[in-house]
Amino acid sequence: MTNRWPLLVFALVMAVIPLIPGMPPFWIVLLDNIGLAALVAMGLVLLTGVGGLTSFGQAAFCGFGAYTTAVLTVSYGFSPWVTLPLSLLVSGIAAVILGIITVRLSGHYLPLGTIAWGIGLYYLFSKLEFLGRNDGISGIPPLSIGTFRMLDPGTIYYAIWLAVLISAVLTMNLLDSRTGRAIRALRRGHIAAEAFGVQTPRAKLLVFIYAAVLAGLSGWLYAHFQRAATPTPFGAQAGIEYLFIAVVGGAGYVWGAVLGAGIVVILKEILQSYLPLIFGGQSQLETIVFGMLLVVLLQLAPTGVWPWLMSRLPFRLSRKHPDTAPTLPARERLATAPSVLLHIEKARKQFGGVIAVNDVSFDVQAREIVALIGPNGAGKSTTFNLITGVLTATGGSISVLDQNIDNAPPQEVVKLGVSRTFQHVKLVPDMTVLENVAIGAHLRGSSGAVSSMLRLDRSDEARLLAEAARQIERVGLGDQIDQLAGSLSLGQQRIVEIARALCADPVLLLLDEPAAGLRHMEKQRLAALLRQLRDGGMSVLLVEHDMGFVMDLADRVVVLDFGTKIAEGVPDAIKSNPDVIKAYLGVSA
Ligand code: ADP
Ligand code: MG
């Protein structure tokens, strides 16, 4: 739970500002505009900064919000309070439709896609007869409560900033939850998140809709603030500006959106008012100066101004940990579990002409540590990816506890109790060790986005975090629990991945080079932990290059060379196997 007093102070200050005697109305209008922009940017914080989906088209969703209320209030006489949910709904539905198409795009195609519909929707707004074409819709009624009409900028100010504050709290609650961690894991690619059961397309669509609804809210407020809706504020240029705001403020930070909106709106205002005085009416100049100032700003604070400011605070906003929480129910272990946990039968994977895994067969028994070894490029990691559903096999079959998993996606494989670490560490570097590890327990919680936003998820959340904390203690990283994962040594990050995998309550743990980068003592501790896990009933399949470590620890060893299994047996037999020696040394024994 984060400290709430800075929020209260901020709310109080904002509430008092319009009441200050002699406050120029001009400043209030500016603050209104900042609030409206902050709402859209907050959606972008989630979508782009947190989820990694860059959108240039957010302004179009403001358009959906604004035009919905404009049409319904002006043409059909609806009350603005009735159109509020409808505006959000229309923005949300538009996001579902555009999102389903867009979030499938990857790489540069995604932002390009958003530019495309940003421009397209702008033309749609300016061409449709019932939206008033280029002239838009005017005569939109003001917001009112009873007979009190929010006509001037100083009264709608409260509606706008209340919306900003509520949205900020809901967004922060969402980010600080099971669903939030799943969203935050998206930016580092989908493979790690999916390995722990996150339905990544659904998570992406969720942030897409969330961001659109916030933009729709901003559009709804804007329509009743301006009392008119025209196409220009919802065009591609505005979309780019919103992205600017999010990036300048700090694209990963909720308050960065508010700060970024303040910086950009005020900067633009100052440039527009003063530059023509200095340079005499050269109209395009402010755009150029504006662009240059933003570049300078981003040079000074590359991740945005908010994190830059926060890192300069003389104190730190601390978090409290749940110390005692009820434990999560563990996986039901079959009393008479089949002795073969993992059965691989002639598994094959071809990448074009390369046969990475060539009809490999082996088993992992219950309570067994099996090492998969072989020179670089032998197909070890590919075998892991076949087992965990990251890759689909070209041939053969794989089963876990007698259940065939040939075409199962990663989210299904982990449900059967197979969890893993990655050769190339896949943690979210700007999440704490605790938060990263808690992703491992994703499937053991059930709270969704809405209950998280409303903080109804706290008991579920406490159990997940307590489980994560327990696994972190277990692997010996208790002192690092609150550090950002990215600040740990690579060796420690591998151990964090083991804790994350343990959070899934696995029956089979797949470890891809877990000891790489560890010091001697750390390797010994890791070996002791793995033995302890095995003796507790878990099976381990590990890839490792340190032969001393492997031969000491493994019950059985499987050797791959150029995708083909060349040997299998107890460590002593493998050590003296001439084929193995030849594969490793490149000479005949
Ligand atoms: P190991 O983990 O044993 O070092 P890998 O399983 O990573 O080996 O790779 C086995 C072979 O498959 C290598 O020749 C590698 O270049 C190739 N390979 C692995 N992944 C891919 C991929 N996604 N596309 C094409 N080739 C791949
Ligand atoms: Mg590998």
Side-chain angles (χ1 to χ4, degrees), residues 341 364-376 378 380-381 384 418-427 433-434 436-437 440 467-483 485-560 567-577 580-581 584:
L341 211 64
V364 176
Q365 318 273 330
R367 290 176 184 261
E368 190 183 31
I369 297 178
V370 176
L372 187 61
I373 67 168
N376 274 327
K380 305 177 298 290
S381 294
F384 270 29
V418 179
S419 70
R420 68 174 294 181
T421 66
F422 296 89
Q423 180 181 348
H424 304 287
V425 171
K426 295 186 196 303
L427 296 170
V433 168
L434 180 71
N436 267 291
V437 171
E467 172 70 8
R470 251 193 304 279
Q471 300 302 349
I472 292 167
E473 283 293 338
R474 193 179 193 182
V475 300
L477 284 179
D479 291 341
Q480 280 78 24
I481 192 164
D482 283 326
Q483 288 183 25
S487 70
L488 269 54
S489 73
L490 207 55
Q492 284 179 319
Q493 293 188 28
R494 292 182 179 283
I495 304 295
V496 174
E497 283 214 342
I498 296 176
R500 181 174 65 181
L502 288 173
C503 259
D505 188 23
V507 291
L508 172 63
L509 193 58
L510 305 186
L511 307 176
D512 202 343
E513 306 197 10
L518 294 190
R519 289 189 290 265
H520 183 66
M521 287 299 291
E522 295 170 320
K523 282 185 187 179
Q524 286 190 323
R525 238 193 4 233
L526 174 62
L529 170 69
L530 297 182
R531 280 193 194 99
Q532 184 204 334
L533 291 173
R534 173 194 58 195
D535 298 342
M538 207 179 286
S539 300
V540 179
L541 176 63
L542 83 150
V543 167
E544 190 43 64
H545 286 298
D546 180 336
M547 282 309 128
F549 180 86
V550 165
M551 296 302 174
D552 204 32
L553 177 67
D555 299 310
R556 225 149 36 82
V557 180
V558 173
V559 190
L560 295 184
E568 175 175 354
V570 295
D572 280 337
I574 293 295
K575 270 189 248 178
S576 54
N577 183 312
V580 177
I581 295 169
Y584 270 90

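Here the structure is a predicted model, which is why all the values come from computation and not from measurement.
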To the nearest 0.5 Å, what is the distance between [atom1] on [X] and [atom2] on [Y]?
X    : Y    : atom1 : atom2 : value
I481 : I472 : CD1   : CD1   : 4.0 Å
Q483 : N436 : CD    : CG    : 12.5 Å
M547 : Y584 : CE    : OH    : 3.5 Å
I495 : R500 : CD1   : CZ    : 13.0 Å

Please list, chain by chain and in numerical order, all residues satisfying side-chain contact (heavy atoms from CB on, under 4.5 Å) with A567, sequence neighbours excluded. V559, I574, N577, V580
Sorted by chain and residue number, the side-chain contact (heavy atoms from CB on, under 4.5 Å) partners of A516 (sequence neighbours excluded) come out as R494, E513
Would you confirm whether [X], through its side chain, and [Y], through its main-chain N or O, come within 3.5 Å as a donor-acceptor pair?
X    : Y    : answer
E544 : D546 : yes
R420 : L511 : no
T421 : D512 : yes
S539 : Q365 : yes
K575 : M551 : no
Q493 : L490 : no

How about [X] and [Y]: do any of their side-chain heavy atoms sit closer than 4.5 Å?
X    : Y    : result
L526 : P514 : yes
H545 : I373 : no
D482 : V433 : no
R474 : L533 : yes
V557 : E568 : no
L560 : L372 : yes
L510 : F422 : no
E368 : V540 : no

Taking only Lys NZ, Arg NE, NH1 and NH2, and the carboxylate oxygens of Asp or Glu, determine whether [X] and [Y] approach each other closer than 4.0 Å.
X    : Y    : value
E497 : K426 : no
D555 : R534 : yes
D552 : R531 : yes
E522 : R525 : no
R470 : E473 : no

Over all heavy atoms of both residues, which pair between [X] and [Y] is shortest? Give the atoms and the distance, please.
X    : Y    : result
Q492 : L488 : OE1-CG, 3.6 Å
A485 : L427 : CB-CD1, 4.1 Å
S419 : A504 : CB-CB, 3.9 Å
L509 : P506 : CD1-CG, 4.1 Å
A469 : L434 : N-CD1, 3.8 Å
L530 : I369 : O-CD1, 3.8 Å

